[in-house]
*Asks:* 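After the structure tokens below, expect a handful of questions from me.
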Amino acid sequence: MRPHNNKGKGPEDLRYKEQMLSHMHSFEDNWDDIAGALTPDNLPIARPIIATLSQFIDFRDYVGLKFGIMNIDLVKTPEWEYVLDLGSE
């Protein structure tokens, strides 16, 4: 992950905000109503992830919530252990 900003696009509070830590590029923020599609600029608008995602299950549940995956708990924690350092605030 490399830091970047929204280059003046998106909601006013996010324009030019440097995204240094974990962030997401939501469909809602990057949807172009006129074109009826996602923006052609590689999803330029990002917003910080405020949640603390220090374990696999935290990340899994966050993804389930954001994507509306009701049965995300079917995704089991892997047998291997890995420390997720996503740089959350």
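Everything numeric in this text was worked out from a predicted model, so none of it was measured.
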*Asks:* Return the orientation label for the F27 and F67 ring planes: parallel under 30°, perpendicular over 60°, tilted otherwise.
*Replies:* perpendicular

*Asks:* Is the shortest heavy-atom distance from the side chain of F56 to the side chain of V75 under 4.5 Å?
*Replies:* yes

*Asks:* Are any non-hydrogen side-chain atoms of D73 and N71 less than 4.5 angstrom apart?
*Replies:* yes

*Asks:* Taking all heavy atoms of P11 and all of I45, pick out the closest pair and write down the distance.
*Replies:* CD-CG2, 4.2 Å

*Asks:* Any pair with a residue in residues 19-34 that passes salt bridge (charged side-chain N to carboxylate O under 4.0 Å, His left out), sequence neighbours left out, goes on the list, sorted by first then second residue, please.
*Replies:* D29-R47

*Asks:* NE2/H25 to CG/N42 distance, rounded to the nearest 0.5 angstrom?
*Replies:* 8.0 Å

*Asks:* Can you confirm whether K9 sits close enough to L14 that some side-chain heavy atom of one is under 4.5 Å from a side-chain heavy atom of the other?
*Replies:* no

*Asks:* May I ask you to decide if A46's main-chain N or O and H23's side chain share a donor-acceptor pair within less than 3.5 Å?
*Replies:* no

*Asks:* Hydrophobic clusters here meaning ILVMFWY residues chained together by side-chain heavy-atom distances under 4.5 Å, can you tell me if I69 and M24 are in one?
*Replies:* yes

*Asks:* To the nearest 0.5 Å, how far apart are CD1 in I72 and CZ in F59?
*Replies:* 9.5 Å

*Asks:* Is it possible for you to say whether V63 and L53 belong to one hydrophobic cluster, with membership spreading through side-chain heavy-atom contacts below 4.5 Å?
*Replies:* yes

*Asks:* Quick check: do L38 and L43 have side-chain heavy atoms less than 4.5 Å from each other?
*Replies:* yes

*Asks:* Within a strict 4.5 Å, meaning less than it, do heavy atoms of the P44 and N30 side chains meet?
*Replies:* yes

*Asks:* Counting neighbours of CD on E12 that are heavy atoms of other residues, nucleotides or ligands and sit closer than 6.0 Å, is the number greater than 12?
*Replies:* no

*Asks:* With a 3.5 Å distance limit and no angle check, can you tell me whether N5 reaches the backbone of K7 through a side-chain donor-acceptor pair?
*Replies:* yes

*Asks:* When rounded to the nearest 0.5 angstrom, what is the spacing between NZ in K76 and CD1 in I57?
*Replies:* 8.5 Å

*Asks:* Working to the nearest 0.5 Å, report the span between NE2 of H4 and CE of M20.
*Replies:* 11.0 Å

